[in-house]
Amino acid sequence: MSESPLYFNSQGQQAFGVLHLPEAERMFGAYVLCSPFGEEKLWTHRVFVNFSRELANRGYASLRFDYMGHGDSEGLFRDADIQSRLADIRSAIAFVRERLGDDVNLSLLGMRLGGTLVSLVAEEEPGLRGVVLWEPLVDGPAYMKELFRINLTTQTAVYREIRLDTKALIEKLGAGHPINVDGYEITWPFYEQLTSIDLLKARKSFPGPVLIVNISRAAGRINPKLSQLSDTYDRCLLEQVQEEPFWKEVKAYYSRAEVLYRETLKWIVKHEE
Amino acid sequence: MKNEEIRPVKFRNHKDLMLSGILHVPVKNLQNTAILLLSPGEKNRVAPHRLYVKMAQQFSSLGFPVLRFDPEGLGDSEGEIDVSVSADLYGTIQMGRFVQDTVSAMDWIQEELGIHRFILSGLCGGAITGLLTGAQDDRVLALHGLGIPVILDSSDIDSSAFITMGQLKQMKKMYLTKMFTPSAWLRFLTFQTDYRLLAKSFFKSKNEKLRKVSGEPNVEHEDNFNHLFLVAFTHMVSRNKKLQLIFSGSDRLYSEFKEKFLPRAAPGIIENELVDIHIVADANHIFTFSEWQKTMLDLSSGWLQENFIS
């Protein structure tokens, strides 16, 4: 097995990634891993690293990468929007095909906003083998509300009052000024593009197998939005796994998500047969 | 033309595990001192909201080669962290978990770039790692620490038992502000409020006034202070190493520094010309807002230029 940090071209800039390769004689396929947004990416980083290592152990290559303006990639976060992230995923796909061959059995895996983006890319990108969505975000406006809430919480914690409410934050974006979410600056194009996302509005055309995983602290009713999303695909399995919401700060130290790994790998192996 | 060359690097630590990092090398005005940005805790060489990327770009624009790397078990590096609760990871960092990896990183730079003078820099866990390493390695000229912790975290410790007066005052203000908020009363009446902290915030400050009048010492004998901090800080100053410490105004770590470290420190040690302390008003622990980041970066650059540019 090998792990190679590298840069590949995306939209004329250097995108950072790590390519995990299994032993050459037993490569069954490859995955492009698409991470969540902002600080969620950092909280999930090690779970992604260890999942790539699990994949390599079972004979699958994977590419983990940073979107433009994220992590170790070039660019400013404020210049990145939904469209640029979709373009980065396409560049990552092109890079893997170039490196491993056009005939590589290539699938996508994304988490949270990364899952949303994977779902969108899979509708247009030909030749993908399968898609795995870990706790994808179905409703763009609802996620934008979450991001606004983070800004409001920071204001309250620091100033003990809300100086700019949600309406004022939207006006600020509209006037061409970025707003700050956990230290990341987001701009009007990001806001406009995110709030136009509704993964439930159309039936999906992706013909391959899809796994959607609902991550929940306790066993119970599956997130109804994920059930509805599952219904938009022809060949979809919806699973619930019990894990902490490790995309945000939790008390437990989370470098692995064993139940999530087990169920995902079971599905992957099954669909390669 | 770009101001720096950036490349991913890998090197082995003392356990022969492969560590990953990003090396920034300035293309002009190259200094013979390198800066290491040390992992803040769980988050890797990027740090919250890419703070280390911004710091690396700023420092390399001054001519310093900068290495951001992931220690064992974090980020892209090999190894695993053997804890189940994050507080225990922070506790072991505060006791020096990543010191040997920092030494390995300096060894690698020395071999790779021929540089043997270092400034160690970091936020929170990175700052304490830098302090503990700097106290024991002669190649370290200085520490640049953001929000340096002076306590020991642990899942076995009830941290509310060791809360500082500064934190209690902040909480008292917050509770007073919420007195007219219906949702706060709802939380209070439905047992969701931390009554112990609420009581402590109102009554401990009163006790503190009484303590001052009676002249009792203001250091609790059994608290969660990290005594390694005191030893390392004293050692750094006694070896003529410089320290710039930048705290955030809204961060509990500053009140802990004032209330838990200063009463224990040797008289005059903070006033020593080697020690440069600043507080960024209002800022939170991770310098979320861009104006706080700018203030911090300006202070850092000024200190680096004044003391280390040849």
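Just so we're on the same page: letters track the sequence lines, and every chain starts at 1. In this text the structure is predicted, and so the values were computed from the model without any measurement.
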Does any backbone or side-chain atom of [X] lie under 4.5 Å from a heavy atom of chain A? Answer side chain, backbone, both or neither.
| X | result |
| --- | --- |
| B/Ala283 | neither |
| B/Ser248 | neither |
| B/Leu74 | both |

Please classify the contact of [X] with chain B as side chain, backbone, both or neither, using a heavy-atom distance under 4.5 Å.
| X | value |
| --- | --- |
| A/Asp66 | neither |
| A/Val250 | backbone |
| A/Thr44 | neither |
| A/Phe48 | neither |

So, taking the atom named [atom1] in [X] and the one named [atom2] in [Y], what distance separates them when rounded to the nearest 0.5 Å?
| X | Y | atom1 | atom2 | answer |
| --- | --- | --- | --- | --- |
| B/Ser84 | A/Lys251 | OG | NZ | 10.5 Å |
| B/Ile22 | A/Phe16 | CD1 | CZ | 4.5 Å |
| A/Thr154 | B/Ile286 | OG1 | CD1 | 7.5 Å |

*Using salt bridge (Lys or Arg N to Asp or Glu O under 4.0 Å) as the criterion, list what pairs up with A/Glu171, not counting sequence neighbours.*
A/Lys167
*Taking side chain as C-beta onward, heavy atoms only, is B/Ser86 less than 4.5 Å from A/Tyr254?*
no
*Just say parallel, tilted or perpendicular for the rings of A/Tyr184 and B/His49, cut-offs at 30° and 60°.*
perpendicular
*Is the shortest side-chain N to carboxylate O distance from A/Asp72 to B/Arg50 below 4.0 Å?*
no
_salt bridge (Lys or Arg N to Asp or Glu O under 4.0 Å), that's the test. Do B/Lys10 and A/Glu3 meet it? Break it down for me._
CA-CA 10 Å; B/Lys10 283 185 161 194; A/Glu3 294 177 18; 5.0 Å; no
*Does a sphere of radius 6.0 Å around CD in B/Glu111 hold more than 12 heavy atoms from other residues, nucleotides or ligands, not counting ones at 6.0 Å or beyond?*
no
*Flag if over 12 foreign heavy atoms under 6.0 Å of CZ, A/Arg53*: yes
_Contact leader toward chain B among A/Glu185, A/Arg64, A/Glu161, where contacts are heavy-atom pairs under 4.5 Å_ = A/Arg64
_side chain to side chain contact (heavy atoms under 4.5 Å, CB included) for A/Trp43 and B/Lys43? Distances and angles first, verdict last._
CA-CA 7 Å; A/Trp43 290 118; B/Lys43 293 175 184 175; 3.4 Å; yes
_Is there a side chain to side chain contact (heavy atoms under 4.5 Å, CB included) between B/Glu80 and A/Arg46? Walk through the geometry before answering._
CA-CA 10 Å; B/Glu80 280 300 330; A/Arg46 193 70 183 175; 3.5 Å; yes
*asked:* Out of the candidates B/Ile81, B/Asp88, B/Val85, only one should pair with A/Tyr253 under the side-chain contact (heavy atoms from CB on, under 4.5 Å) rule; please name it.
replied: B/Ile81
*Among the options B/Gln293, B/Arg45, B/Met18, pick out the one with the most heavy-atom pairs lying under 4.5 Å from chain A.*
B/Arg45
*Could you check A/His45 against B/Asp76 for side chain to side chain donor-acceptor pair (under 3.5 Å), going step by step and ending with a plain yes or no?*
CA-CA 8 Å; A/His45 185 90; B/Asp76 295 337; 2.8 Å; yes
